[in-house]
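Dumping the structure here so I can ask a few things about it.
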Amino acid sequence: MGYKRVLVKFSGEALAGENGHGIDTKILKFIAGEIKTLVDAGIEVGIVIGGGNIIRGVTAAADGIIRRTSGDYMGMLATVINAIAMQEACEHEGMLVRVQSAIKMEQIAEAFIVRRATRHLERGRVVIFAAGTGNPFFTTDTAATLRAIEIGAEVIIKATKVDGVYDKDPKKFADAIKLPSLGYEQALQDHIKVMDDTSIALAKENKLPIIVCDMFTPGNLLEIIQGNFDRCSIVK
Ligand code: UDP
């Protein structure tokens, strides 16, 4: 078995590299290389990237000077910056790429139009969905789940710094146990942080499997998409 159309979600923080901020082009190049292996294997790929390496709404609004809604719009703009950077990296690797933004910015990206996105995918173009859902108070995990469902992706892959879902935080607890497979209800439990509740609820309602994997292991994404689930966790 294997998947034909997937949506991969990367956090903004992942792009930042060691200094925790901004965009590390070496990481961009690595990610683009991983995406290329999928495209070369004939898989249709949608991408969502967060904005946490630049700004998050909650943090921007923490001292009350910037309103939360404005902070969230700033966060959505951050995801556009990341999307454009990723588009460049993917084109540098020889892929055809389109950025579609949930907030209209016609000089730099197409508007999100699901039929158009699907057409791009059918033609082998990678589509990067930017500006989240276009609404404050949501996250890019929710945006990624929403887009995955809209484009009819068979799975959403959350590419992170950990290799799966654990019963407790593996960075804090040495005896944390990896869960190879879990249900949506289990993923909604407070101590298991797969994605935020809104995105898990959306995935559950639409029976969209969520895969959590380590993005820095070369070849991991392709292996998973081809049906080898040894190095990830799956929520279904
Ligand atoms: N955001 C939003 N609506 C959305 C998606 C994102 O308001 O639909 C804002 C929100 O402020 C969020 C920021 O954009 O903090 C960056 O996204 P996120 O925190 O999900 O990025 P990540 O943690 O994946 O880097």
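All ligand and atom numbering here is 1-based and tracks the order in the structure.
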Within reach of ligand 1, part of Asn135 (heavy-atom separation under 4.0 Å):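 Answer for Asn135: backbone.
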Taking C-beta and beyond as the side chain, do Leu179 and Ile192 meet within less than 4.5 Å on heavy atoms?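 They are in side-chain contact.
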Counting both backbone and side chain atoms, is some N or O of Val58 under 3.5 Å from an N or O of ligand 1? no
Looking at Arg125 and Glu44, does any basic side-chain N land under 4.0 Å from a carboxylate oxygen?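 Glu44 and Arg125: not salt-bridged.
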Look only at interatomic distance and state if Gly12 has a nitrogen or oxygen under 3.5 Å from any nitrogen or oxygen of ligand 1.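 Yes; the residue has a nitrogen or oxygen that sits under 3.5 Å from a nitrogen or oxygen of the ligand.
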Counting both backbone and side chain atoms, is some N or O of Gly132 under 3.5 Å from an N or O of ligand 1? no
Any idea which of Gly50, Ala14, Ala60 brings a heavy atom closest to atom 22 (P) of ligand 1? Gly50
Between Asp175 and Lys168, does any side-chain N to carboxylate O distance fall below 4.0 Å?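 A salt bridge is present here (some side-chain N lies under 4.0 Å from a carboxylate O).
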Could you say whether the N/O atoms of Tyr73 and ligand 1 ever approach to under 3.5 Å? no
So, regarding Phe138 and ligand 1 (criterion: nitrogen or oxygen to nitrogen or oxygen, under 3.5 Å), is there a contact or not? yes
Going by the atom numbers of ligand 1, which of them fall below 4.0 Å from some non-hydrogen atom of Gly51?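 Checking each atom against Gly51, I get 16 (C), 17 (O), 21 (O), 22 (P), 25 (O).
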hydrophobic_cluster_shared for Ile84 and Ile81, side chain cutoff 4.5 Å: no
Nearest protein heavy-atom contact for atom 19 (O) of ligand 1: which residue, which atom, what distance?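 For atom 19 (O) of ligand 1, the nearest protein heavy atom comes out as Arg56 NE, 3.1 Å.
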Any N or O on Thr79 sitting closer than 3.5 Å to an N or O of ligand 1?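 Such a contact does not occur with ligand 1.
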In ligand 1, which numbered atoms sit nearer than 4.0 Å to a non-hydrogen atom of Thr133?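 The atoms of ligand 1 under 4.0 Å from a heavy atom of Thr133 are 4 (C), 8 (O).
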Could you measure the distance from the CG atom of Leu96 to the CZ atom of Arg123? Nearest 0.5 Å is fine. 11.0 Å
Under a heavy-atom criterion of less than 4.0 Å, does Pro136 contact ligand 1?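 Contact check Pro136 vs ligand 1: positive.
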For ligand 1, which is the ligand I care about here, please tell me if Asp72 has any N or O atom under 3.5 Å from one of the ligand's N or O atoms. yes
Heavy-atom contacts with Gly52 under 4.0 Å: which atoms of ligand 1 show up? List them by number with element. 21 (O), 22 (P), 25 (O)
With sequence neighbours left out, the residues meeting side-chain hydrogen bond (donor to acceptor under 3.5 Å, both in side chains) with Ser233 are none
Solution key, residues 215-222 side-chain donor-acceptor pairs under 3.5 Å, sequence neighbours excluded:
unit_1	atom_1	unit_2	atom_2	d
Thr217	OG1	Asp214	OD2	2.5
Asn220	ND2	Asp214	O	2.9

Would you say Lys9 contacts ligand 1, with heavy atoms under 4.0 Å as the rule?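 Within the 4.0 Å threshold, so yes.
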